[in-house]
A.B. asks: 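Got a structure for you, written out below as structure tokens; questions coming shortly.
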Amino acid sequence: MFVTSALSPQELTRIDVHIATHKAMPGALLPLLHAIQDDFGWVSEECYLPISKALALSVAEVHGVVTFYHHFHTHPVGKHILQVCRAESCQAMGSQKLEKDIKTALGIDYHETTKDGAVTLLPVYCLGNCACSPAVMLDDEVYGRMTAEKVADIVAEARAV
Amino acid sequence: MAIKVYVPRDSSALSLGADRTAKAIQAEAAKRGIEIELIRNGSRGLFWLEPFVEVATDKGRVAFAPVQPKDVASLFDADFLNNGAHALNLGLTEELAWLKKQQRLTFARVGITDPVSLEDYLAHDGYKGLKNALNMTGAEIVKSVTDSGLRGRGGAAFPTGIKWNTVLGCQVEQKYIVCNADEGDSGTYSDRMIMENDPFVLIEGMTIAGVAVGANMGYIYLRSEYPHALKVLNEAIAKAEAAGYLGDKICGSSHTFNLEVRRAAGAYICGEETSLLESLEGKRGQVRFKPPLPAIEGLFGKPTVVNNVISLATIPIILDKGAQYYADYGMGRSRGTLPIQLAGNIKHGGLVELAFGATLRELLYDFGGGSFTGKPIRAVQVGGPLGAFLPESQFDTPLDYEEFSKIWAVLGHGGIVAFDDTVDMAKMARYAFEFCAIESCGKCTPCRIGSTRGVEVIDRIIANKNALDTNGVKEHAKQVQLVRDLSDTMINGSLCALGGMTPYPVLSAMNHFGEDFGLENR
Ligand SMILES: Cc1cc2nc3c(=O)[nH]c(=O)nc-3n(C[C@H](O)[C@H](O)[C@H](O)COP(=O)(O)O)c2cc1C
Ligand code: SF4
Ligand code: FES
């Protein structure tokens, strides 16, 4: 299984390094959480205590911030993140059918990860690619004028690497 | 000398394969032993024609579009580097009617320059506004912004100069400039285009704001969905710092201005300015009560200018060409230009910057070319998820803040999303409530709970809409009234526009497209 929730001592050290590099920043919490997620792909609850100590917050406050923002994952995610735009401009170009087709093709719903751990599917509300709707984003790349076939190609390409 | 070939690096262009096209052009040139200089410029904003390739010729830049990798060999065969005839040859870019009819002030350089080249920026009138500003007092700069008539392009249309004046008037050492780059509205991408395609104009605008009000620190709060913008901004900031346009004693003056990009984390509400400030402080993005205004107690409790990307990116041209030059564009109290974004079911989607006053119809048909699917355009939503839906009978409304307000609509951030006649407006109303429920910050009950109730009520309306027996008709009427009451409660009992304006799309859908709610034969 790719899902491991207990962090190793090495991983905890990496978290400490992120804390050390960010803690002096004004309003450090979001940049710190981004750094942790960029590194691990998600933000483990095990980070809350060391973060709370370094930033003089309560664990509940850290938890409250992490869970407020859609961007932060509180569980491990797949190797790739596929975000499908659900917002109006993409709806006007058939994104509702596209969503269904993608879910069927991957065999998962939103917020789930394919069995091989390759892809986590997430909804997103506008990618700023509304002149080329419907749009999806795979990791950091956005794709426009999407069809289920094109999405399948992109995902297959990512899986192959 | 190597011939210059331009292939955009804008993320919408990339989303249609611009990187592959660029690689194919380079490979083909190498194969044929032809020397070219490949420049990754910004996008001109004609997105239905991306990847939009240009070649520099004696007469100007010639456009070839849209170019897919499979077209590249035939382009070389046709000698496209010397303006050869080819099915994709569109002639001189500057002569394309779609661009020629526009009035590009804020977007003057977008698509023309290499976004991360400071030399290019300087060669195209960059930093002229700042040079002028450095010879003016803060009050003079603020007056110029006020006189230009510029109103906030983030949605609320508040006069920018008046906001700045409040911050200028605060006798405090530490002040901030915050750029709202959260661009959450569906159908909008003009902020993204500025940041990816002309980042220096935003940096210059923020620097002028800092000089004007006496702030030495700026933050750009950038939505996490824009990774390309993040890279471009950071690269441009580093170059501006290295060249003395940011940092201590900018351009040899006594002013200090530093700039940092901060990533948002996928919450629509963080586009609301006080929620944004909470988020920048490292907290949950919950909306603050006003007063105090952010201009008086903003980031970390200090006086703060919060402005949208487009508002700030428009400052340099105002300071360069003068307030009057900008104010001469527009109509009524809507001065200057609006970068309009055509989106949704539209044939020619893209960025159209025009003086206020053009009608929706001109945009949808003269620029947009009608719907993408070729069916009639039945509805448009202007101003993002909190904007009203407009039927065809309102397409002659001029784009003007006050004219839109008269028909209970908003211009917002200038996004226009077109829908063809297959749209189900009851579903759109349902979605508006659903979006509000997903994105509510949770502070007020009408927004937090009302939105979820709204989804349920619309579901019942949809379920009942064809019920013709007496009970069904009565029940249906009851649910419709419930939506109206709920909307009233949200309008009157919400702290911010998320809860307060969700009724715009809901009620406009119901009022203009009653047939989709089963209201026509009752
Ligand atoms: C729910 C909500 C979302 C908003 N989202 C944005 C946004 O994404 N970008 C933006 O510039 N303004 C947004 N605003 C408007 C800001 O609160 C604020 O008016 C704006 O940043 C001020 O800048 P301006 O005067 O230059 O427009 C939003 C407002 C609300 C109520
Ligand atoms: S209206 Fe909604 S989003 Fe706005 S403050 Fe209230 S609960 Fe938060
Ligand atoms: S609405 Fe889908 S990219 Fe904007």
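Letters go in sequence order (proteins before strands), and every chain restarts at 1. None of the values given here were measured: they were computed from a predicted structure.
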A.B. asks: Evaluate whether atom NZ of A/K23 has more than 12 neighbouring non-hydrogen atoms of other residues, nucleotides or ligands under 6.0 angstrom away.
C.D. replies: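 Check fails, neighbour count at 12 or below.
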
A.B. asks: Do you know the tightest heavy-atom contact between A/L127 and B/Y226?
C.D. replies: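 Answer, listing the atom of A/L127 first, then B/Y226: O-CE2, 3.5 Å.
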
A.B. asks: Could you look at B/A229 and say if it's the side chain, the backbone, both or neither that has a heavy atom under 4.5 Å from chain A?
C.D. replies: neither

A.B. asks: Can you pull out every salt bridge (Lys or Arg N to Asp or Glu O under 4.0 Å) where at least one residue sits in residues 140-159 of chain A? Sequence neighbours excluded, please.
C.D. replies: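 Those involving residues 140-159 of chain A are A/D116-A/R159, A/E157-B/R20.
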
A.B. asks: Which one wins on heavy-atom pair count under 4.5 Å against chain A: B/K427, B/M428, B/R262?
C.D. replies: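 When all of B/K427, B/M428, B/R262 are compared, B/R262 has the most.
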
A.B. asks: Under a 4.5 Å heavy-atom cutoff, which of B/Y219, B/F47, B/W48, B/Y431 has the most pairs with chain A?
C.D. replies: B/Y431

A.B. asks: Test A/L29 against B/R284 for side chain to side chain contact (heavy atoms under 4.5 Å, CB included), laying out the working first.
C.D. replies: CA-CA 10 Å; A/L29 188 50; B/R284 296 156 59 90; over 6 Å; no

A.B. asks: Looking at B/A265 and A/L30, what are the two nearest heavy atoms and their distance?
C.D. replies: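 Shortest heavy-atom separation between B/A265 and A/L30 comes out as CB-CD2, 4.3 Å.
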
A.B. asks: Could you pull out the closest heavy-atom pair between B/S12 and A/G128, with the gap in Å?
C.D. replies: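 Taking B/S12 first and A/G128 second, the nearest heavy atoms are OG-O, 4.0 Å.
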
A.B. asks: Report, as yes or no, whether the 6.0 Å neighbourhood of atom NE2 on A/H63 holds more than 12 heavy atoms from other residues, nucleotides or ligands.
C.D. replies: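 Not buried by this count: 12 neighbours or fewer within 6.0 Å.
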
A.B. asks: Output the residues of residues 188-196 of chain B for which the shortest heavy-atom distance to chain A is under 4.5 Å, in residue-number order; output 'none' if no such residue exists.
C.D. replies: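 Contacts with chain A: B/T188, B/Y189, B/R192.
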
A.B. asks: Does B/K347 NZ have over 12 foreign heavy atoms under 6.0 Å away?
C.D. replies: no

A.B. asks: Could you tell me if the ring centre of A/Y125 sits under 6.0 Å from that of B/Y268?
C.D. replies: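 No: the rings miss the under 6.0 Å criterion.
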
A.B. asks: Provide the full list of ring pair (Phe, Tyr, Trp, His ring centres under 6.0 Å) pairs with a residue in residues 14-40 of chain A, sequence neighbours left out, each pair given once.
C.D. replies: A/H34-A/H71, A/H34-A/F72

A.B. asks: Just give me the residue among A/C132, A/C85, A/S133, A/P31 that pairs up with chain B most often, heavy atom to heavy atom, under 4.5 Å.
C.D. replies: A/C132

A.B. asks: Is chain A contacted by the side chain of B/E50, its backbone, both, or neither, given a heavy-atom distance below 4.5 Å?
C.D. replies: neither

A.B. asks: When rounded to the nearest 0.5 angstrom, what is the spacing between CG in B/D185 and SG in A/C130?
C.D. replies: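 Separation between the atoms: 9.5 Å.
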
A.B. asks: Taking the side chain from A/S89 and the backbone from B/G344, do they hold a donor-acceptor pair closer than 3.5 Å?
C.D. replies: yes

A.B. asks: Quick one: what part of B/I438 sits under 4.5 Å from any heavy atom of chain A, side chain, backbone, both or neither?
C.D. replies: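 Contact with chain A: backbone and side chain both.
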
A.B. asks: Which residue out of B/G187, B/S224, B/G285, B/A267 racks up the most heavy-atom pairs below 4.5 Å with chain A?
C.D. replies: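 Among the listed options, the one with the most contacts to chain A is B/G285.
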
A.B. asks: Using a heavy-atom distance cut-off of less than 4.5 Å, which residues of residues 369-390 of chain B contact chain A?
C.D. replies: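 At a heavy-atom separation under 4.5 Å, chain A is reached by B/F372, B/Q381, B/P385.
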
A.B. asks: When heavy-atom pairs shorter than 4.5 Å are enumerated against chain B, which of A/A87, A/A28, A/G27 gives the highest number?
C.D. replies: A/G27

A.B. asks: For residues B/S186 and A/C126, report the shortest heavy-atom separation together with the two atoms involved.
C.D. replies: CA-SG, 3.8 Å

A.B. asks: Under 3.5 Å, is there a donor-acceptor pair between the A/Y69 and B/S279 side chains?
C.D. replies: yes

A.B. asks: Quick one, B/E260 and A/M25 - any side-chain contact, counting heavy atoms below 4.5 Å?
C.D. replies: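 Yes, at least one pair of side-chain atoms sits under 4.5 Å.
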
A.B. asks: For A/K103, does the NZ atom have more than 12 heavy-atom neighbours from other residues, nucleotides or ligands under 6.0 Å away?
C.D. replies: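 Result for NZ/A/K103: enclosed.
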
A.B. asks: Against chain B, label A/V124 side chain, backbone, both or neither, depending on which of its atoms sit under 4.5 Å from a heavy atom there.
C.D. replies: side chain

A.B. asks: With a 4.5 angstrom heavy-atom cut-off, is it the side chain or the backbone of A/P26 that approaches chain B, or both, or neither?
C.D. replies: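 For A/P26, backbone and side chain are both near chain B.
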
A.B. asks: Considering only heavy atoms and a distance below 4.5 Å, find which of B/A418, B/A264, B/G415, B/G350 pairs most often with chain A.
C.D. replies: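 That would be B/A264.
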
A.B. asks: Let me know if B/H228 has heavy atoms under 4.5 Å from chain A in its side chain, its backbone, both or neither.
C.D. replies: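 Contact with chain A involves the side chain of B/H228 alone.
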
A.B. asks: Count the heavy-atom pairs under 4.5 Å between each of A/R86, A/Q96, A/M146 and chain B, then report the option with the highest count.
C.D. replies: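 It is A/R86.
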
A.B. asks: Measure the spacing between SG of B/C270 and CZ of A/F68 and express it to the nearest 0.5 Å.
C.D. replies: 5.0 Å

A.B. asks: To the nearest 0.5 angstrom, please state how far the OG atom of B/S15 sits from the CE atom of A/M137.
C.D. replies: 11.0 Å

A.B. asks: Which pair of non-hydrogen atoms, one from A/V142 and one from B/S11, has the smallest distance, and what is that distance?
C.D. replies: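 Between these two residues, the closest heavy atoms are CG1-O, 3.6 Å.
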
A.B. asks: Decide yes or no for A/E61 and B/K283: does some side-chain heavy atom of the first lie under 4.5 Å from some side-chain heavy atom of the second?
C.D. replies: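 They are not in contact (no side-chain heavy atoms under 4.5 Å apart), so the answer is no.
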
